[in-house]
Peer 1: 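Dropping a structure here in structure tokens format, bear with me for questions.
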Amino acid sequence: MVKTRFAPSPTGHLHIGGLRTAIFNYFFAKANSGEFILRIEDTDRERSRKEYTEAILEGLKWCSINWDDICYQSKRQDIYEKYLQELFNNGLAYRCYCSKERLEKLKQEQIEKGENPHYDGHCRNLKEEIKDKNFVVRIKLPSEDIDFKDVVHGDMHFSYKEFDDFIIRRSDGSFMYNFTNVVDDIECGITHVIRGDDHLTNTAKQIVLYRLFGKNEPVYAHVPMILGEDKTRLSKRHGAQSVLEYRDMGILPDALVNYLIRLGWSYGDKEIFTKDELLELFNIENLNNSAAVFNPEKLLWVNAEHIKLMSPRKLLEYVKPFMDKRCFDYDDDYLARAVETMQPRAETLKELASGMLFYCTAPEDYEQKGSKKYLKESVKEPLIFLLEKLKETDFSSEDELKKAFEETMEKFELKMVKIAQPVRIGLTGRSAAPGIYEMLMILGKDESVKRIKKVIDAIPYKTS
RNA sequence: GGCCCUAUCGUCUAGUGGUUAGGACGUCGGCCUCUCACGCCGAAAACAGGGGUUCGACUCCCCUUGGGGCUACCA
């Protein structure tokens, strides 16, 4: 069975790069009826924070990236000790008592000589344990080159000379990333490791560990990284990084997932994917192999597409956090109808929420530009006529509203725009809004009449 | 510096030796129209450079250049 994992370290918020890795792992597992595990890599006691773990879980939950199981490395110390013991028993690891000062000096000397910094194996063959002296544990790096196959990059080759007897356990007793990562993947039976290609070098080191343990490594897929607009690594200065920031911006989780998965992966010409489609279609064969630039504009477009795709009722739930409190005086049926008229007109939930506010509260003032252009004395009489006509209808169908408009147009020989725009301004305060009939239908007769009356009063009489 | 990855329109990408190099975002036109959107139609826009291999290279190989990553008692 396919088993994947997402292994973030809680040293910061969940950012979009991390989320993308989680997405790849999640959809690959699920598309293959496998399991997806979440593993919090909190072995760095200095930098790991509980609040970050919570933020990561919150971000994943928001995107519906559901894990089948979760574990924390900080609670698995005994397992690591067990595996370490195995290494000791087989003479594959050793205690190193070298001071940081000696190591630093060694490094400097090597650099001066033009060599690449390497641990010199000073403690490698020490026979005796030294009591009461701090030590780290290093592995005995085998003198064998490391070859492996990566799903996206093909055959990989590293010379063992590139590495040294790297540390797997710190002097404070905690274990290091490459070690815990491998032990946990072995313990959990991870079959596929999908992660950023910034880990390519780590993978070589980790494969050394697999060999030391006599285990076969999983299938690797190193996905290209996401870059900022200037093609440098994504960071604070590229704007929003945290997944939760996108939520607060009014991005739909399905849209973020859709956008992110298409960055580095494609499925023919298809751009918009629902979660169900991804659950079925995602594969690692179509993974791309070069870094991609994050493009906020396309994200917005994808978001708009998902807004249009969603049922008004479901969308309403996502819009609610952005809605003005005055809207909560209305029931969901009413609000869902209002949302529906805004669906083709919003790129974000925030925009949608502000665009539908007029359904819940009458405009306090009228947009200046539109008023000047459309609220002219010449339409005052036609509007009064229209109002009377509207009063005679019961607002039960768009057709009868249309009839009232048509009669007005005919009688005064006016184009639709001449009367629709003043009405629109009266209804919403703006000159850009949903269709006139749908707005009237939703607002209802009483409210519509009230607002139209008010806008008629706002039109000045000619000073004749 | 060393090692590794990488290179098609501004951006995301399709392409696996023979294509008018396709799609999408964005941009610019137009249509639709009660406004704004949506939608529809159309345009401009790319194979980093140089060598090979081959009858033939965007596709394969090498070099250069550019970009990214790793090189911690971080993950």
Side-chain angles (χ1 to χ4, degrees), chain A residues 7-12 41-44 46-48 73 96 98 100 103 107 111 114-118 134-138 150 152-154 156-159 161-164 166-172 174-178 180-181 196-205 222 224-225 227 229-233 259 262-272 286 288-302 304 308 341-347 355 370 373-374 402 405 409 415-425 428 430-437 439:
Chain A
S9 60
T11 53
E41 305 219 328
D42 51 358
T43 54
D44 185 342
E46 302 279 301
R47 299 197 304 149
S48 296
Q73 289 191 325
C96 168
C98 295
K100 286 185 181 174
L103 260 21
K107 188 175 166 185
I111 289 172
E115 294 170 8
N116 287 322
H118 273 68
N134 275 347
F135 64 89
V136 298
V137 177
R138 293 178 183 273
D150 182 83
V152 341
H153 295 288
M156 298 294 304
H157 175 88
F158 288 88
S159 165
K161 290 173 184 160
E162 292 303 318
F163 305 109
D164 60 4
F166 57 87
I167 296 169
I168 55 177
R169 198 179 77 158
R170 302 183 186 90
S171 52
D172 70 356
S174 63
F175 288 88
M176 288 191 70
Y177 166 72
N178 282 128
T180 56
N181 200 269
D197 62 14
D198 51 333
H199 280 287
L200 237 16
T201 316
N202 278 328
T203 297
K205 286 182 172 183
H222 287 90
M225 309 194 65
L227 272 24
E229 260 174 316
D230 55 359
K231 299 207 176 195
T232 63
R233 197 175 194 157
Y259 176 72
R262 268 288 284 112
L263 224 48
W265 178 79
S266 60
Y267 195 83
D269 285 341
K270 197 166 163 60
E271 293 284 352
I272 301 300
N286 290 9
N288 188 216
N289 58 356
S290 56
V293 173
F294 183 85
N295 182 203
E297 266 144 30
K298 187 151 183 182
L299 204 213
L300 248 26
W301 174 77
V302 172
K308 280 182 278 195
T341 67
M342 283 302 295
Q343 276 180 275
R345 291 164 232 271
E347 280 189 320
K373 187 169 178 190
Y374 297 110
K402 196 172 176 191
F405 274 81
M409 281 154 65
K415 292 206 168 178
M416 181 62 174
V417 63
K418 293 283 182 194
I419 50 178
Q421 281 305 76
V423 172
R424 169 168 285 110
I425 290 169
T428 71
R430 300 171 317 203
S431 56
I436 206 82
Y437 304 127
M439 291 194 296

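Each chain gets a letter, A, B and so on, in the order the sequences are listed, and its residues count up from 1.
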Peer 1: Not counting sequence neighbours, which residues clear salt bridge (Lys or Arg N to Asp or Glu O under 4.0 Å) with A:E271? List them please.
Peer 2: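 Once residues adjacent in sequence are excluded, the partners of A:E271 under the salt bridge (Lys or Arg N to Asp or Glu O under 4.0 Å) criterion are A:R262, A:K298.
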Peer 1: Quick one: A:N116 CG to B:A72 P, roughly how many Å, whole number?
Peer 2: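 Spelled out: CG on A:N116 to P on B:A72 is 10 Å.
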Peer 1: Expressed as a whole number of angstroms, how long is the span from A:K107:NZ to B:U71:P?
Peer 2: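 Atom NZ in A:K107 sits about 10 Å away from atom P in B:U71.
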Peer 1: Roughly, in whole Å, what's the span from NE2 in A:H222 to P in B:G69?
Peer 2: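 For the pair A:H222 NE2 and B:G69 P, the rounded distance is 16 Å.
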Peer 1: Report the base-pairing partner of B:G66 (Watson-Crick or G-U wobble, both distances below 3.5 angstrom), or none.
Peer 2: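 Paired with B:U6.
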Peer 1: Using a cut-off of 4.0 Å on non-hydrogen atoms, how would the nucleic acid contact of A:M342 be classed: base, sugar-phosphate, or nothing?
Peer 2: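 Result for A:M342 = nothing.
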Peer 1: Looking at residues at least two apart in the chain, or sitting in another chain, which of them share a salt bridge (Lys or Arg N to Asp or Glu O under 4.0 Å) with A:R345?
Peer 2: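 Residues passing salt bridge (Lys or Arg N to Asp or Glu O under 4.0 Å) with A:R345: A:E438.
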Peer 1: Partners of A:M156 by side-chain contact (heavy atoms from CB on, under 4.5 Å), sequence neighbours excluded?
Peer 2: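 So A:M156 forms a side-chain contact (heavy atoms from CB on, under 4.5 Å) with A:F148, A:D150, A:H153, A:F158, A:L200.
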Peer 1: Sequence neighbours excluded, which residues qualify as side-chain contact (heavy atoms from CB on, under 4.5 Å) partners of A:N288?
Peer 2: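 For A:N288 the side-chain contact (heavy atoms from CB on, under 4.5 Å) partners, ignoring immediate neighbours, are A:S290.
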Peer 1: Pairing check on B:G42: which nucleotide meets the Watson-Crick or G-U wobble criteria with it, both distances under 3.5 Å?
Peer 2: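 Paired with B:C28.
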Peer 1: Among residues at least two apart in sequence or on other chains, which ones pass side chain to side chain donor-acceptor pair (under 3.5 Å) with A:D44?
Peer 2: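 Residues passing side chain to side chain donor-acceptor pair (under 3.5 Å) with A:D44: A:R47.
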Peer 1: Using a cut-off of 4.0 Å between protein heavy atoms and nucleotide atoms, how would you tag nucleotides 28-43 of chain B 5' to 3' with B, S and -?
Peer 2: ------BBBBSS----
Peer 1: So what does A:F158 hit on the nucleic acid, given a heavy-atom distance under 4.0 Å: a base, only sugar-phosphate, or nothing?
Peer 2: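 Result for A:F158 = sugar-phosphate.
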Peer 1: What is the distance, rounded to the nearest whole Å, between atom CD of A:E115 and atom P of B:C3?
Peer 2: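 Atom-to-atom, A:E115 to B:C3, this comes out as 15 Å.
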Peer 1: Could you please name the partner base of B:G1, counting Watson-Crick and G-U wobble pairs only when both distances are under 3.5 Å?
Peer 2: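 WC or wobble partner is B:U71.
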Peer 1: Over how many whole Å does the gap from A:D164 atom CG to B:C70 atom P extend?
Peer 2: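 That distance rounds to 17 Å.
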Peer 1: RNA chain B: A:G268 or A:T201, which has the more 5' nearest nucleotide?
Peer 2: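 Checking each residue's closest nucleotide, the 5'-ward one belongs to A:G268.
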Peer 1: Residues two or more places apart in sequence or in another chain: which of them pass salt bridge (Lys or Arg N to Asp or Glu O under 4.0 Å) with A:K270?
Peer 2: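 Once residues adjacent in sequence are excluded, the partners of A:K270 under the salt bridge (Lys or Arg N to Asp or Glu O under 4.0 Å) criterion are A:E277.
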Peer 1: For A:T201, enumerate each residue passing the side chain to side chain donor-acceptor pair (under 3.5 Å) test, keeping only those at least two apart in sequence or located in another chain.
Peer 2: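 Partners of A:T201 under the side chain to side chain donor-acceptor pair (under 3.5 Å) test: none.
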Peer 1: Without decimals, in angstroms, what is the distance between A:L263 CG and B:C12 P?
Peer 2: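 Distance check: A:L263 CG to B:C12 P gives 8 Å.
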Peer 1: Would you check if the side chain of A:D42 reaches a backbone N or O of A:Q73 as a donor-acceptor pair within less than 3.5 Å?
Peer 2: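 At least one qualifying donor-acceptor pair exists.
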Peer 1: For nucleotides 62-68 of chain B, give me one character per nucleotide, 5' to 3': B if any protein heavy atom sits under 4.0 Å from the base, S if the only such contacts are to the sugar-phosphate, - if neither.
Peer 2: -----SS
Peer 1: Tell me, please, which residues at least two apart from A:M409 pass side-chain contact (heavy atoms from CB on, under 4.5 Å).
Peer 2: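 Checked A:M409 against side-chain contact (heavy atoms from CB on, under 4.5 Å); matches are A:M416, A:I419.
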Peer 1: Between A:N288 and B:U13, is there a contact of a side-chain N or O with OP1 or OP2 at under 4.0 Å?
Peer 2: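 Result: yes.
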Peer 1: How about CZ on A:F166, more than 12 heavy atoms from neighbouring residues, nucleotides or ligands closer than 6.0 Å, or not?
Peer 2: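 Yes, because the 6.0 Å sphere around CZ of A:F166 holds more than 12 heavy atoms from other groups.
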Peer 1: With no angle test and no hydrogens, is the base of B:G2 tied to the side chain of A:E162 by a donor-acceptor pair under 3.5 Å?
Peer 2: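 A donor-acceptor contact between them is absent.
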Peer 1: Are any of A:N289's side-chain N or O atoms less than 4.0 Å away from OP1 or OP2 of B:U6?
Peer 2: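 For B:U6, OP1 or OP2 has a side-chain N or O of A:N289 closer than 4.0 Å.
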Peer 1: If I take atom CG in residue A:D150 and atom P in nucleotide B:C70, what distance separates them, rounded to the nearest angstrom?
Peer 2: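 Computing the A:D150:CG to B:C70:P distance gives 16 Å.
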Peer 1: Are any protein N/O atoms closer than 3.5 Å to N/O atoms in nucleotides 73-75 of chain B? If there are, list each pair with its distance.
Peer 2:
{"unit_1": "B:C73", "atom_1": "O2", "unit_2": "A:S171", "atom_2": "N", "d": "2.9"}
{"unit_1": "B:C73", "atom_1": "O2", "unit_2": "A:S171", "atom_2": "OG", "d": "3.0"}
{"unit_1": "B:C73", "atom_1": "N3", "unit_2": "A:S171", "atom_2": "OG", "d": "3.0"}
{"unit_1": "B:C74", "atom_1": "OP2", "unit_2": "A:R170", "atom_2": "NE", "d": "2.0"}
{"unit_1": "B:C74", "atom_1": "OP2", "unit_2": "A:R170", "atom_2": "NH2", "d": "2.8"}
{"unit_1": "B:C74", "atom_1": "O3'", "unit_2": "A:R170", "atom_2": "NH2", "d": "2.9"}
{"unit_1": "B:C74", "atom_1": "O2'", "unit_2": "A:D44", "atom_2": "OD2", "d": "2.6"}
{"unit_1": "B:C74", "atom_1": "O2'", "unit_2": "A:R47", "atom_2": "NE", "d": "3.3"}
{"unit_1": "B:C74", "atom_1": "O2'", "unit_2": "A:R47", "atom_2": "NH2", "d": "2.5"}
{"unit_1": "B:C74", "atom_1": "O2", "unit_2": "A:R47", "atom_2": "NH2", "d": "3.0"}
{"unit_1": "B:A75", "atom_1": "OP1", "unit_2": "A:T43", "atom_2": "OG1", "d": "2.9"}
{"unit_1": "B:A75", "atom_1": "OP1", "unit_2": "A:R170", "atom_2": "NH2", "d": "2.2"}
{"unit_1": "B:A75", "atom_1": "OP2", "unit_2": "A:R170", "atom_2": "NH2", "d": "3.3"}
{"unit_1": "B:A75", "atom_1": "OP2", "unit_2": "A:Y177", "atom_2": "N", "d": "3.0"}
{"unit_1": "B:A75", "atom_1": "O3'", "unit_2": "A:E41", "atom_2": "OE1", "d": "3.1"}
{"unit_1": "B:A75", "atom_1": "O2'", "unit_2": "A:S9", "atom_2": "OG", "d": "2.9"}
{"unit_1": "B:A75", "atom_1": "N6", "unit_2": "A:N202", "atom_2": "OD1", "d": "3.0"}
{"unit_1": "B:A75", "atom_1": "N6", "unit_2": "A:N202", "atom_2": "ND2", "d": "2.9"}
{"unit_1": "B:A75", "atom_1": "N1", "unit_2": "A:N202", "atom_2": "ND2", "d": "3.0"}

Peer 1: Using Watson-Crick or G-U wobble geometry with both distances below 3.5 Å, tell me the partner of B:A37, or none.
Peer 2: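 By the stated definition (distances under 3.5 Å), nothing pairs with B:A37.
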Peer 1: With A:A433, which residues qualify under side-chain contact (heavy atoms from CB on, under 4.5 Å), at least two apart?
Peer 2: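 With sequence neighbours excluded, A:A433 shows a side-chain contact (heavy atoms from CB on, under 4.5 Å) to A:R424, A:T428, A:R430, A:M439, given in chain and number order.
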Peer 1: Report yes if the distance between the aromatic ring centroids of A:Y177 and A:H199 is under 6.0 Å, otherwise no.
Peer 2: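 Ring centres of A:H199 and A:Y177 closer than 6.0 Å.
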Peer 1: Nearest whole Å is fine: how far is B:G26 C1' from A:L300 CG?
Peer 2: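 That distance rounds to 11 Å.
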Peer 1: Partner of B:U16 by Watson-Crick or G-U wobble geometry, both contacts under 3.5 Å, or none?
Peer 2: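 Base-paired to nothing in any strand shown.
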